[in-house]
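The structure under discussion appears below in the form of structure tokens.
The structure displayed is predicted, hence computed values, not measured ones. Labels below follow one simple rule: chain letters A, B, ... track the order of the sequence lines, proteins then strands, and each chain is numbered from 1. The analysis underlying the following values was restricted to heavy atoms, covering all of them including side chains, and did not include hydrogens, waters or symmetry mates.
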Amino acid sequence: MHTPLPRIRRLTRRELPADTAALARFLIGATLVHDLPDGRLSGRIVETEAYPPGDASGHAFPGLTRRNRSLFLTRGHAYVYLGYGLHYLLNVASEYNGIGAGVLLRALEPLEGIAAMGQRRGTLRLRDLARGPGRLAQAMGVDLSDDGIDLTRDRSLWLGAPVRTAGPIGCSVRIGITKEVDRPLRFFERENPFVSGSRHLNGQR
DNA sequence: CGGCTGATGATCT
DNA sequence: GATCATCAGCCGG
């Protein structure tokens with residue numbers, strides 16, 4: 001019923017910048033794919049946040065625990081946790097094995113499986129499918145069972161190369177944190193309607 | 001549009 | 001027992 005997208009090329013680990021902020025910026029425009037028995041869900045990554053090593057707002061800051069262990073894996077692994085008892089949040093671990101850091105995926109522009117995403121989200125509004133990290137995980141069918149998987153190797157949930165070149169990339173402070181609140185570590189595709197956050201934040205370069 | 005608030009559970013101290 | 005990298009719904013301007 002729709003024109004299929006060109007085959008999406010998988011990203012390899014060596015393509016992923018090790019540096020957390022560089023990875024967050026690199027992932028803008030890349031694709032997140034979830035291949036499920038019922039079909040494919042995919043979207044363009046349009047908003048990310050970096051939580052670099054030693055950042056007091058990062059989940060790895062207190063040191064290695066059972067919950068945050070995936071953040072200490074090498075770059076390209078998934079760190080999924082339950083926030084506020086209600087929403088799953090998906091991160092891509094960054095840096096090297098043993099270093100706790102990652103990139104939070106905050107919003108997607110839906111590409112494939114839009115009807116299925118709508119069912120998972122319980123809404124028909126395209127713009128509300130994956131705008132915000134909790135919505136993103138719900139739309140993409142990501143939950144705790146995906147914690148720790150290798151997004152450069154997994155058959156089901158993986159990262160793909162961009163299907164379309166990203167437009168100008170903006171940068172702002174991060175959303176929803178109470179420590180290190182002034183660091184400009186949030187990245188987004190400017191003027192993309194699927195980006196979350198206030199108009200004020202999204203006007204930043 | 002901006003601001004507030006309750007819901008809800010895994011994890012850690 | 002406290003703490004959340006959130007969301008939806010509701011309110012007022």
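Hydrophobic clustering places A:Ile45 together with A:Leu126 (ILVMFWY residues linked when any side-chain heavy atoms are closer than 4.5 Å, directly or through intermediates).
Across A:Asn91, A:Leu89, A:Ile149, A:Asp147, a single residue satisfies side chain to side chain contact (heavy atoms under 4.5 Å, CB included) together with A:Val80, and that is A:Asp147.
Protein chain A touches strand DNA chain B; the 5'-most and 3'-most nucleotides with an atom under 4.0 angstrom of its non-hydrogen atoms are B:dA7 to B:dC12. First and last contacts of DNA chain C with chain A, using any nucleotide atom under 4.0 Å from a protein heavy atom and ordered 5' to 3', fall at C:dC4 to C:dA8.
Not counting sequence neighbours, the partners of A:Glu180 by the salt bridge (Lys or Arg N to Asp or Glu O under 4.0 Å) test are A:Arg183.
The cationic group of A:Arg186 lies under 6.0 Å from the six-membered ring centre of A:Phe188 and within 45° of the ring axis, placing it in a cation-pi geometry. For the pair A:Arg67 and A:Tyr81, the cation sits on the ring face: its NZ or CZ lies under 6.0 Å from the ring centre, inside 45° of the axis.
At a cut-off of 3.5 Å, with distance as the only test, no side-chain donor of A:Thr48 or A:Arg106 sits close to an acceptor on the other residue. In this model, a donor atom of one side chain and an acceptor atom of the other lie less than 3.5 Å apart for A:Asp35 and A:Trp158. Side-chain N/O atoms of A:Arg121 and A:Gln138 include a donor and acceptor closer than 3.5 Å. One side chain, A:His34 or A:Ser156, offers a donor N or O that lies under 3.5 Å from an acceptor on the other.
Looking at DNA chain B, the stems built from 3 or more consecutive Watson-Crick or G-U wobble pairs, each pair with its key distances under 3.5 Å, are B:1-7 with C:6-12, B:9-12 with C:1-4.
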query = What's the verdict on side-chain contact (heavy atoms from CB on, under 4.5 Å) for A:His87 and A:Leu82, showing C-alpha distance, side-chain angles and the deciding distance?
reply = CA-CA 6 Å; A:His87 313 286; A:Leu82 180 66; 5.6 Å; no

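Checked against the 6.0 Å centroid threshold, A:His59 and A:Tyr51 do not count as a close aromatic pair.
When each of A:Gly176 and A:Gln138 is assigned the nucleotide of DNA chain C bearing its nearest heavy atom, the one mapping closer to the 5' terminus is A:Gly176.
Using a 4.5 Å cut-off on side-chain heavy atoms (C-beta onward), A:Asn192 and A:Glu109 make contact. Using a 4.5 Å heavy-atom threshold, the side chains of A:Leu185 and A:Pro52 count as touching.
The stretch residues 50-74 of chain A comes close to DNA chain B through A:Thr65, A:Arg66, A:Arg67, each having a heavy atom under 4.0 Å from the strand. In the region residues 81-97 of chain A, proximity to DNA chain B at under 4.0 angstrom, judged on heavy atoms, holds for A:Leu82, A:Tyr84, A:Gly85, A:Leu86.
Using a 4.0 Å heavy-atom cutoff across all strands shown, A:Ile177 reaches sugar-phosphate atoms only and no base atom.
Comment: A:Glu15 does not engage A:Arg75 in a salt bridge, judged by the lack of any side-chain N to carboxylate O separation of less than 4.0 angstrom.
A distance of 9.5 Å separates OG1 in A:Thr20 from CG in A:Asp55, rounded to the nearest 0.5 Å.
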